[in-house]
Amino acid sequence: MASKTASKDIITIRGSAAIVSEFFGYAANSILYNRGVYPEESFVKVKKYGLPMLLTQDEGVKSFIANINAQLSEWLEAGKLQRVVLVIMSKSTNEVLERWNFSIETDSEVVEKGVSREKSDKEIMREIQAIMRQIASSITYLPCLDEPCVFDVLAYTDKDVAVPFTWIESDPKLIANPQMIHKVDTLVSYKNDEWDEQ
């Protein structure tokens with residue numbers, strides 16, 4: 001019985017990869033909802049990480065995020081993922097309006113030597129809650145997106161990683177004259193033409 005409890009509290013690279021990729025899915029849904037990329041009525045409320053979360057019911061978006069999470073998990077397990085960026089663009093011009101950066105820190109000892117790190121479920125939940133709250137608070141500082149938008153996800157990996165045929169090489173989708181908001185574990189930047197005029 002004690003060994004079950006002990007193993008539950010140890011995060012292996014596989015467990016960590018599953019947690020991080022699942023978290024990204026919820027974070028992406030939260031951003032898409034709060035930034036109005038998809039209609040409010042296409043989301044349903046669920047409770048996750050001790051917080052109310054919104055998940056899209058749009059089958060295309062659900063499938064897209066599920067496929068991304070599966071690939072992210074694979075790269076995370078191999079220790080090959082450095083950063084994931086959710087990009088919000090103008091639907092009509094493809095101009096990048098926002099970039100939501102999620103930095104990935106990989107413990108090389110865990111990947112290379114199979115060392116386990118101990119972290120309680122409670123501690124993991126607190127860390128995820130803090131990042132979700134940071135996302136929510138960052139959104140309050142951003143200007144409204146007043147045009148139809150689309151999103152994409154960029155993954156920054158080690159150079160030796162083979163890109164699956166379902167993914168394509170992309171430019172970094174940078175923002176012209178970005179305004180930086182916060183930088184903790186995520187970085188939010190956005191385009192604001194009004195500030196360019198001053």
Side-chain angles (χ1 to χ4, degrees), residues 10-35 37-38 42-44 46 48-49 51 53-89 91 94 96-117 119 121 124-125 127-128 131-132 134-135 138 149-175 184-189:
I10 295 173
I11 296 180
T12 62
I13 188 64
R14 192 170 303 276
S16 182
I19 291 168
V20 171
S21 61
E22 178 189 67
F23 158 75
F24 177 75
Y26 281 95
N29 271 276
S30 180
I31 292 165
L32 296 175
Y33 171 81
N34 285 296
R35 299 307 289 142
V37 176
Y38 291 95
S42 68
F43 290 82
V44 63
V46 299
K48 187 71 177 178
Y49 311 121
L51 298 169
M53 307 290 287
L54 291 147
L55 291 177
T56 184
Q57 295 305 294
D58 180 290
E59 290 302 324
V61 177
K62 282 169 59 174
S63 175
F64 183 76
I65 291 174
N67 289 336
I68 287 169
N69 284 351
Q71 184 59 60
L72 294 180
S73 187
E74 185 179 313
W75 284 331
L76 284 162
E77 287 176 18
K80 301 290 185 180
L81 187 63
Q82 301 162 1
R83 182 169 30 141
V84 179
V85 180
L86 185 142
V87 180
I88 298 177
M89 301 170 289
K91 188 173 185 175
N94 277 338
V96 177
L97 303 175
E98 295 179 7
R99 285 175 47 97
W100 293 79
N101 289 278
F102 297 85
S103 295
I104 309 295
E105 293 179 16
T106 302
D107 187 330
S108 59
E109 275 192 301
V110 173
V111 175
E112 295 165 10
K113 300 176 184 172
V115 174
S116 294
R117 300 282 185 225
K119 195 177 268 194
D121 289 346
I124 294 165
M125 178 123 24
E127 289 174 3
I128 290 173
I131 295 171
M132 294 307 293
Q134 180 188 354
I135 289 169
S138 296
C149 294
V150 294
F151 81 101
D152 201 358
V153 174
L154 308 176
Y156 290 78
T157 62
D158 292 354
K159 292 182 187 218
D160 64 344
V161 171
V163 178
F165 73 93
T166 55
W167 287 64
I168 58 170
E169 294 281 340
S170 171
D171 66 86
K173 300 195 184 305
L174 299 175
I175 298 172
V184 178
D185 288 324
T186 57
L187 170 70
V188 180
S189 52

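Note that the numbering runs from 1 along the sequence shown for the chain. Only a predicted model underlies this, so the values are computations on that prediction, with no experimental measurement involved.
- Between Ile128 and Met132, the closest side-chain pair of non-hydrogen atoms falls below 4.5 Å.
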Evaluation steps, side chain to side chain contact (heavy atoms under 4.5 Å, CB included), between Val20 and Leu72: CA-CA 9 Å; Val20 171; Leu72 294 180; over 6 Å; no

Report, one line per pair, each donor and acceptor closer than 3.5 Å where one atom sits in a side chain of residues 151-164; sequence neighbours left out.
residue, atom, partner, partner atom, Å
Asp158, OD1, Gln82, NE2, 2.8
Asp160, OD2, Lys80, NZ, 3.1

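- Residues satisfying the side-chain hydrogen bond (donor to acceptor under 3.5 Å, both in side chains) test with Asn69, not counting sequence neighbours, are none.
- Note that OG of Ser42 is 11.5 Å distant from CD of Glu59, once rounded to the nearest 0.5 Å.
- Judged as a side-chain hydrogen bond (donor to acceptor under 3.5 Å, both in side chains), and not counting sequence neighbours, Glu74 has no contacts.
- The OG1 atom of Thr56 sits 4.5 Å away from the CZ atom of Phe43 when rounded to the nearest 0.5 Å.
- Nearest approach of Tyr49 to Met125, heavy atoms of both residues: C-SD, 3.0 Å.
- If you run side-chain contact (heavy atoms from CB on, under 4.5 Å) between Met89 and each of Val96, Val37, Leu97, only Val96 comes through.
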Please step through side chain to side chain contact (heavy atoms under 4.5 Å, CB included) for the pair Tyr26 and Leu51, ending with a clear verdict. CA-CA 11 Å; Tyr26 281 95; Leu51 298 169; over 6 Å; no

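- Partners of Lys91 by salt bridge (charged side-chain N to carboxylate O under 4.0 Å, His left out), not counting sequence neighbours: none found.
- To the nearest 0.5 angstrom, Lys48 atom NZ is 12.5 Å from Asn29 atom CG.
- To the nearest 0.5 angstrom, Ile131 atom CD1 is 11.5 Å from Ser138 atom OG.
- Listed by chain and residue number, nothing satisfies the side-chain hydrogen bond (donor to acceptor under 3.5 Å, both in side chains) test with Tyr38 (two or more places apart in sequence, or in another chain).
- Considering Ile65, Leu55, Leu54 as possible partners of Leu32, the one that fulfils the side-chain contact (heavy atoms from CB on, under 4.5 Å) test is Ile65.
- For the atom pair OG of Ser73 and CZ of Phe24, the computed distance is 13.0 Å after rounding to the nearest 0.5 Å.
- Every side-chain contact (heavy atoms from CB on, under 4.5 Å) that Ile31 has, sequence neighbours left out, goes to Arg35, Leu86, Ile88, Trp100, Phe102, Ile135.
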